[in-house]
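Okay, structure first, notes after.
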Amino acid sequence: MALLQQKTLLLGLSFCCMTFMVSSHGRQYTPPSVPQLTDLFSHVSVDQGFSKAYGLQNIKVSNNGSMATLTLDNSSGSGLESKNKYHYGFFSAAIKLPAGLSSGVVVAFYLSNWDMFPHNHDEIDIELLGHDKRNDWVVQTNIYANGSVSTGREEKFYFWFDPTQQYHYYSILWNSHHIVFFVDNIPVREFPSTGAFSSVYPSKPMSVHITIWDGSKWATHGGKYPVNYNNGPFVASFANMEITGCASNPSAPAGSQCPSKASDSGADPVQGQDFAQLSSQQTTAMDWARRKLMFYSYCKDISRYKNLPPECK
């Protein structure tokens with residue numbers, strides 16, 4: 001992603017800078033400098049880009065539609081769904097997570113088409129998993145393609161900051177070259193579309209979802225610590241939403257609206273060569289994140305997979 005240009009941020013929110021930070025695990029890290037990819041794209045208001053999907057009473061929109069809070073309480077979680085489906089694009093939100101003990105709580109920013117393809121759906125997930133007294137919030141990334149839900153491709157990371165104190169960016173880049181997950185513009189995971197990855201690469205248009213929900217059965221220590229609603233309600237705040245990509249009609253003939261190969265960059269601003277591969281600066285930053293912060297990868301879980309997925313070999 002070369003030739004990145006920066007724009008001036010107009011929102012007066014308190015966003016974290018990429019400077020010295022201390023995680024609540026006690027580890028002290030200075031994140032590498034990276035291009036601010038989130039500065040390249042325009043923000044979309046909640047009403048412009050999203051519909052209320054469920055838990056309507058727990059969704060509050062404010063600041064002229066630029067911000068939203070989603071709440072999980074003992075009556076319901078809540079969620080937003082994009083009005084359009086997209087085939088490739090850049091998707092991002094600035095999120096401030098619920099403070100206090102939050103075991104079992106899941107805050108998710110993800111792409112999915114399960115409503116259109118219930119038996120062979122695709123999914124690209126950023127899931128933020130709540131914590132108990134001994135553990136912090138965790139970032140989990142995951143990918144499904146063509147209904148491959150029996151093979152989870154999770155990778156988990158600790159934060160290098162407290163995600164409950166300020167807004168931080170969580171972003172997904174998806175094009176014909178690769179999928180990249182970002183936290184505060186630092187790439188933490190890249191999933192290429194070629195080689196052994198090609199058969200499990202998401203290929204159908206998807207909606208963007210923003211949700212908070214009860215993941216008691218699995219989210220914190222495999223379900224050991226469920227949601228304790230005495231600590232609630234749990235409120236996640238969202239701002240600076242970005243949806244930049246090719247809006248697609250899933251029922252239209254394949255390839256009729258959105259680019260299907262690398263040379264077709266006109267319909268999608270993230271399909272061109274500037275987004276075909278990570279820059280050297282981004283690659284260095286991703287190596288840093290994976291060495292310092294990643295504590296689980298499905299490719300190393302031999303107790304779970306006697307035969308590792310082909311892309312792990």
Side-chain angles (χ1 to χ4, degrees), residues 1-6 9 14-41 90-97 107 109-110 124-129 131 135-143 153-175 177-195 197 240 242 270 273-301 308 311-312:
M1 285 158 228
L3 308 177
L4 297 183
Q5 301 174 347
Q6 294 194 351
L9 289 177
S14 177
F15 287 94
C16 152
C17 299
M18 303 306 293
T19 55
F20 176 79
M21 300 174 193
V22 182
S23 84
S24 51
H25 275 283
R27 290 185 288 269
Q28 299 181 358
Y29 295 129
T30 301
S33 297
V34 290
Q36 300 300 290
L37 191 59
T38 50
D39 289 359
L40 296 180
F41 305 106
F90 180 79
F91 313 94
S92 183
I95 304 173
K96 184 166 69 172
L97 296 177
V107 176
F109 180 75
Y110 67 102
I124 304 173
D125 298 336
I126 294 177
E127 295 170 315
L128 310 171
L129 310 182
H131 70 100
N135 297 276
D136 293 339
W137 281 89
V138 164
V139 182
Q140 175 172 281
T141 65
N142 199 1
I143 294 170
R153 290 176 165 81
E154 301 93 343
E155 290 189 342
K156 297 182 182 181
F157 302 81
Y158 292 121
F159 287 101
W160 61 95
F161 51 79
D162 185 343
T164 71
Q165 295 300 305
Q166 297 175 330
Y167 287 84
H168 294 269
Y169 282 110
Y170 303 86
S171 312
I172 296 168
L173 171 69
W174 171 43
N175 58 27
H177 309 287
H178 54 183
I179 295 165
V180 186
F181 298 89
F182 300 85
V183 178
D184 274 346
N185 289 290
I186 289 183
V188 298
R189 180 180 185 182
E190 181 182 25
F191 196 90
S193 62
T194 57
F197 296 86
N240 286 13
E242 298 176 3
V270 302
Q273 287 303 307
D274 285 351
F275 298 92
Q277 61 184 18
L278 297 176
S279 67
S280 59
Q281 193 177 25
Q282 289 172 317
T283 299
T284 298
M286 185 172 68
D287 290 344
W288 171 85
R290 296 179 72 79
R291 282 187 293 105
K292 297 287 189 180
L293 303 167
M294 188 174 74
F295 67 93
Y296 174 84
S297 173
Y298 72 103
C299 278
K300 299 184 182 298
D301 194 343
L308 290 173
E311 70 271 16
C312 297

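Atoms CD and OH, from Glu154 and Tyr298 in turn, are 9.5 Å apart once rounded to the nearest 0.5 Å. Of the inter-residue distances, the one linking Gln140 atom CD with Ile126 atom CD1 reads 11.5 Å to the nearest 0.5 angstrom. To the nearest 0.5 angstrom, Lys156 atom NZ is 11.5 Å from Ser297 atom OG. Atom CG in Asp39 sits 8.0 Å away from atom CD in Glu242 (nearest 0.5 Å). We find the CZ-CZ distance between Phe191 and Arg153 to be 5.5 Å, quoted to the nearest 0.5 Å. For the atom pair CD1 (Ile172) and CZ (Phe91), the distance works out to 8.0 Å, reported to the nearest 0.5 Å.
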Go through Asn142 and Tyr110 one step at a time and tell me if the side-chain contact (heavy atoms from CB on, under 4.5 Å) criterion holds. CA-CA 9 Å; Asn142 199 1; Tyr110 67 102; over 6 Å; no
CA sep, side-chain torsions, deciding dist, call: Phe275, Leu37, side-chain contact (heavy atoms from CB on, under 4.5 Å): CA-CA 10 Å; Phe275 298 92; Leu37 191 59; 3.6 Å; yes
I would like to know whether Phe181 and Ile124 meet side-chain contact (heavy atoms from CB on, under 4.5 Å); could you show each step before the answer? CA-CA 9 Å; Phe181 298 89; Ile124 304 173; 3.6 Å; yes
Take Val139 and Leu128, measure what side-chain contact (heavy atoms from CB on, under 4.5 Å) needs, and give me the verdict at the end. CA-CA 5 Å; Val139 182; Leu128 310 171; 3.9 Å; yes
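Under the 3.5 Å distance criterion, the side-chain polar atoms of Thr164 are left unmatched by any main-chain donor or acceptor of Leu97. Side-chain atoms of Asp287 do not come within 3.5 Å of backbone N or O of Arg290 as any donor-acceptor pair. Between the side chain of Gln36 and the backbone N or O of Val34, at least one donor-acceptor pair lies under 3.5 Å. Judged by distance alone, with hydrogens and angles left aside, the side-chain atoms of Gln281 form a donor-acceptor pair with the main-chain N or O of Ser33 at under 3.5 Å. Looking at Asn240, its side chain never comes within 3.5 Å of a backbone N or O of Ala93 through a donor-acceptor pair. Asn175 contributes a side-chain N or O that, together with a main-chain N or O of Val270, makes up a donor-acceptor pair within less than 3.5 Å. Side-chain N or O atoms of Arg189 include none that pairs as donor or acceptor with a backbone N or O of Val180 at under 3.5 Å.
Between Trp174 and Ile143, the closest side-chain pair of non-hydrogen atoms is not below 4.5 Å. Looking at Phe90 and Leu40, their side chains never come closer than 4.5 Å, going by heavy atoms from C-beta outward. Between Pro35 and Asn185 there is no side-chain heavy-atom pair separated by less than 4.5 Å. Looking only at side-chain heavy atoms (C-beta outward), Phe41 and Ser92 stay at 4.5 Å or farther from each other.
Checked against the 6.0 Å centroid criterion, the rings of Phe109 and Tyr170 do not qualify as a close aromatic pair. In summary, the aromatic rings of Tyr169 and Phe182 are positioned with their centroids too far apart to meet the 6.0 Å limit.
Here the closest heavy-atom approach between residue Leu278 and residue His178 is recorded as N-CE1, 4.1 Å. Among all heavy-atom pairs drawn from Pro163 and Trp137, the shortest one is CG-CB, 3.9 Å. The two residues Leu308 and Cys299 have their closest heavy-atom pair at CD1-O, 3.4 Å. Summarising the geometry of Pro192 relative to Phe197, their closest heavy-atom pair is O-CB, 3.0 Å, with the distance given to 0.1 Å.
Asp184 and His168 form a side-chain donor-acceptor contact under 3.5 Å, judged by distance and modelled atom types alone. In this model, no donor atom of one side chain and acceptor atom of the other lie less than 3.5 Å apart for Asp136 and Tyr158. The closest side-chain donor-acceptor pair between Tyr296 and Asp301 falls under 3.5 angstrom.
In this pair, Tyr29 and Trp288 present their aromatic rings perpendicular. The plane angle is above 60°, beyond the 30 to 60° band.
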